[in-house]
Amino acid sequence: MESHLDRLEAESIYIFREIVAQFARPIMLYSVGKDSSVLLRLAQKAFAPGKIPFPLLHIDTGFKFPEMYEFRDETCRTAGAELIVYRNERAIADGANPFELGTEHCCRLLKTQALLEALRLHKVDAAIGGARREEERSRAKERVFSFRDQFGQWEPRNQRPELWSLLNGKVRLGESIRAFPLSNWTEIDIWEYILRERIPVASLYFSRIRQVLQRGNMLIPITSFAPLKSNESPVALRCRFRTLGCMPCTGAVVSEADTVPKIIAELQDTRVSERKTRVIDYDQDASMELKKREGYF
Amino acid sequence: MLLSDSASPLRQELLCFSTAGSVDDGKSTLLGRLLYDTGALFDDQLSSLQARSKRNTSSLLDFALVTDGLKAEQEQGITIDVAYRYFSTLKRRFILVDSPGHEQYTRNMATAASNAELTIILIDASKGVLPQTKRHAFISALMRVPRVIVAVNKMDLVDYRQEVFDQINKDFLAFANHLNLGMLSFIPISALHGDNVAVNSRKMPWYQGSTVLEILETAPVESDLNQLDLRVPIQCTINPSATFRGYGGKVCSGVLRVGCEVTVLPSQTKARIHQLVQLGIDGTMQQYEQACAGKSVTVVLDRHLDVGRGSILVDSNNIPETRSELDAMIIWMSADHVDAGLTLLLKHASFDSKVILQNCKYKIDCSSLKCLPGGGMQLNEIARWTIKSTKPMWIDPYERNRAMGSFILIDPISYNTVGAGMIIDSLGNDYWANQLLRRQSAEQARNLHIDTKLVEQAEREELSGVRAKTYWLTGLSGSGKSSIARALERALFDKKIPIFHLDGDYLRSGLNRDLGFSIEDRGENVRRTAEVAKLFNEAGMSVICSLVSPFRRDRAAARSIIGSERFVEIYLDVPLQVCEARDPHGLYKKARKGEIPEFTGIGSPYEPPLNPALKLDTANSTITECVARIIAIS
């Protein structure tokens, strides 16, 4: 193969085709972030000139940035992909938010529970996600085809061995697979591929002057959701987002990178890992593993 | 806007490697050290590492904490599954597959090695070669990892002494020589202090070789891919409209080119590659001319054929074997004991079948490297099985083609993956049995006691009136060995001389069918043939052996088995061009195409006898003349 990107692309396309061949009702989780953008492009490549043979699912917490909703709708329209949006309406109506419930419980209701409900509603047997093993320590042990029991739960101690590129997608009624075509990609691979393939990504990734709050080491964007504490005042900083989540729980980083090549150059120097800017990973020791066991992606 | 290559190398090589070592060998420490020295640890990971190192009461940074993953495992202080790590240097990107060294986790190590292009085996210098070292070497060889680094760690504990390192190398090679491991390098290191990991050690001036990182940065990538045999297992069809009918698959070996003729398996119908297409950056479909092993392709054929998931596109001149019954080395990965007769689901490339485990020929004990009697199989055991498939399978031996020679076994009730298999050559080239059983039997043979016979050979010869001889015909394929041997057998028989022809190909179809054409196997082929000839001679019967037997050393061994006084070496001296022009079985043609590796005269040398009893030039003399000359010296 010509380069690392060609090799990663070939592997991802192979995984997409295995998913479509092995499952009756696959669905692709679309979270609007850069990984979703790459995932979408690879899905197009796997089946072109045909259309993507499964719908996209966005779990909407209602706390996403306005730019994300615009970008999502525009991207799906251009790709000609079917988009399903699912919200845990009951929890949203009850006013679920991270300030009162804590990030852990808020995530459980608006993300994990919503996801499990949506997968059950659409009788999904394979949920395709853009998670990468490099992102976080518990993800490092995740399989490409990761088995979930009837309750959508992950059992890290009892995973199916995965040898060569042979993927076992067999499940019984009610059980399912989470499939990860980007397993072997790193953050820098993602950006290099975005550069090479000229893939559009949300403007939040690019640096500009934004109003933010400084809380500890985190820069929290000013939104209508984030109540200011008495001693806090917003500052205007040239910053960008490395990952996109819910507004209250996504931190920005100080950055001058306003183009893809500048982001890549920044990543090559950067000394902080990607999920550091997610508040939710810090709420408990080994928190991602606990969330994943319960059914979170 | 594009960056210059140096700032953002969009075209870098990617190497996938695995590690094997026991809990205490310092494997996690080595990986942590590699990540630390290459700058792959981020500040937050480093501070979390520093915090946790203190919690575990260690003064130095505990690099093991970087790679030991999940919470439950951290508490137990061991890794229990396979974990994937990513890092890069200026030269390369790396995927490292970390597997635990705990003895019962053979399956994890095999899983890690299955996709590795290189593996690092760790040995604790203060402990030397242990039973698990043999296990690690054996599994690396079994999974055919092309490149192996033996890292002798904790050199600091043995005062960086060269003798310790040399002794461990020697001990390792003593058993590894039997294993046909990939290309080997030995490196003395201290992962804790960083000696010879990323930078050369100043404490071991006696070591002039590469560091671990230097080898990681220079070892060939994708060397586990077969670039010769075109195989494209089809995963799915892509036909969005009446005007486009494509097939999606990954070129698992060989090179696919537009215009080349392929045979579609299993239907064995033929077609040409009309187009290879992919989605371009601008959103339009683009065509390209060829795809190498590893690429995912969308193929359009020049005619409508029955192609779907499970079909394989192959080169029409190079078709894999088809079998319903095959032999494989199987690693058992389930806690349930398995016996012959069990029905399982099998997944091979994009093909699914149902199989029965028919017969377990033997098991291999990974720690002692001994073959044990077959029977059933337990978790983490490795055994050779004959399996029967309900549908015929198209296969290549694993030794030749990792992707087309491997399969997984799935439990039909739980759907768990319970086994992994590596297909053994149809000629029965069972490397493991050859090497391990032979070594074992050689050890046992020292305890044999051979009684003298009451009927002596001389008495038998007196009875028949003939002194038995072995006529050993050696020469290239196509030099006329079989033709002359057959005519000679007839002529001697007509003279009432008890005579029997041992033909090399005939023996390979039976007695020697477990042997291939490696140097070792050719030696064993000659040895067995010579032993059989000797028995015939002892029984009072003369023998004509016709086999290529290209190596002088092997023929010398045959002479010593049979006895110089009976051994008549006859060299059929025919130029290669003449043999190749004759090519009675089309073998040279295949060999030139690379379909028969190690073919004598093409990919493997022929050493002519220096002093044969007779030299025959079959290019310029008839069979009758040749036979007459042999009888004349008898």
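Letters A, B, ... mirror the listed sequences (proteins, then strands); counts begin at 1. Just so it is clear, the values below take in all heavy atoms, side chains as well, and ignore hydrogens, waters and symmetry mates. Small disclaimer: the values here were computed from a predicted structure and weren't measured.
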* Passes salt bridge (charged side-chain N to carboxylate O under 4.0 Å, His left out), A/E11 versus B/K295? Steps please. -> CA-CA 8 Å; A/E11 181 184 62; B/K295 186 164 170 70; over 6 Å; no
* Please test B/R93 against A/D189 for side-chain contact (heavy atoms from CB on, under 4.5 Å), starting from the C-alpha separation and ending with a verdict. => CA-CA 10 Å; B/R93 308 291 167 100; A/D189 296 329; 3.0 Å; yes
* Chi angles and distances behind the side-chain contact (heavy atoms from CB on, under 4.5 Å) call for A/W164, B/M422 -> CA-CA 11 Å; A/W164 302 290; B/M422 285 140 283; 3.9 Å; yes
* Asked: Can you list the steps and then say if A/Q22 with B/R309 is a side-chain contact (heavy atoms from CB on, under 4.5 Å)?
  -> CA-CA 10 Å; A/Q22 293 195 36; B/R309 183 166 173 86; 3.8 Å; yes
* To do: Assess whether side-chain contact (heavy atoms from CB on, under 4.5 Å) is satisfied between A/K170 and B/L345, documenting all intermediate values.
  => CA-CA 10 Å; A/K170 289 199 174 293; B/L345 307 176; 3.6 Å; yes
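Of the atoms belonging to B/I408, heavy atoms from both backbone and side chain fall under 4.5 Å from chain A. When heavy atoms are compared at a cutoff of 4.5 Å, B/V97 does not approach chain A at all. Of the two parts of B/Q235, the backbone and the side chain both hold a non-hydrogen atom closer than 4.5 Å to a non-hydrogen atom of chain A. Only the backbone of A/S165 comes within contact range of chain B, judged by heavy atoms closer than 4.5 Å. When heavy atoms are compared at a cutoff of 4.5 Å, A/V171 approaches chain B solely by way of its backbone atoms N, CA, C and O. Using a 4.5 Å cut-off between heavy atoms, A/L167 contacts chain B through its backbone alone, with no side-chain atom that close.
Between the CG atom in B/L279 and the CZ atom in A/F47 there is a gap of 12.5 Å [rounded to 0.5 Å]. To the nearest 0.5 Å, atoms CD1 (A/I13) and OG1 (B/T298) are separated by 7.5 Å. Here the OH-CD distance, from B/Y84 to A/E134, works out to 15.5 Å after rounding to the nearest 0.5 Å. To the nearest 0.5 Å, the span separating OH on B/Y415 from CD on A/E175 amounts to 9.5 Å. Taken from CZ in A/F147 to OG1 in B/T417, the straight-line distance is 10.5 Å, to the nearest 0.5 Å.
No other option in B/V418, B/I413, B/T284 has as many heavy-atom pairs under 4.5 Å with chain A as B/I413. Your options are A/A140, A/G50, A/A21, and the one with the most heavy-atom pairs under 4.5 Å with chain B is A/A140. Put simply, of B/S241, B/G249, B/A110, B/A113, the one with the most heavy-atom pairs under 4.5 Å next to chain A is B/G249. Counting heavy-atom pairs closer than 4.5 Å to chain A, the top-ranked of the candidates B/N115, B/L15, B/D282 is B/N115. The candidate from A/N184, A/V20, A/N158 with the greatest count of non-hydrogen atom pairs under 4.5 Å with chain B is A/N184. Per-residue heavy-atom pair counts under 4.5 Å with chain B were compared for A/K45, A/R133, A/E18, and the maximum is reached by A/R133.
Side-chain N or O atoms of A/H4 include none that pairs as donor or acceptor with a backbone N or O of B/L14 at under 3.5 Å.
By the 4.0 Å N-to-carboxylate-O rule, A/R7 lies close enough to B/E117 to be salt-bridged with it.
Of all the heavy atoms in A/N168 and B/K347, the pair that sits closest is CA-CE, 4.4 Å. The two residues B/R11 and A/S3 come nearest to each other via the heavy atoms CA-CB, 3.5 Å. Taking both residues in full, the closest heavy atoms of B/G294 and A/A10 are given as O-CB, 3.2 Å, listed atom of the first, atom of the second, then distance.
Of the N and O atoms on the side chains of B/T111 and A/R143, not one donor lies less than 3.5 Å from an acceptor on the other residue.
Qualifying ring-ring contact (aromatic ring centres under 6.0 Å, His included) partners for A/F23, counting only residues two or more places apart in sequence or in other chains: A/F145. Legend: residues meeting side chain to side chain contact (heavy atoms under 4.5 Å, CB included) with A/P49, ordered by chain and number and at least two apart, are B/I238, B/P240, B/F244, B/M285.
A/L163 places a side-chain heavy atom less than 4.5 Å from the side chain of B/M333. Within the 4.5 Å cutoff, side-chain heavy atoms of A/R17 are placed close to those of B/S296.
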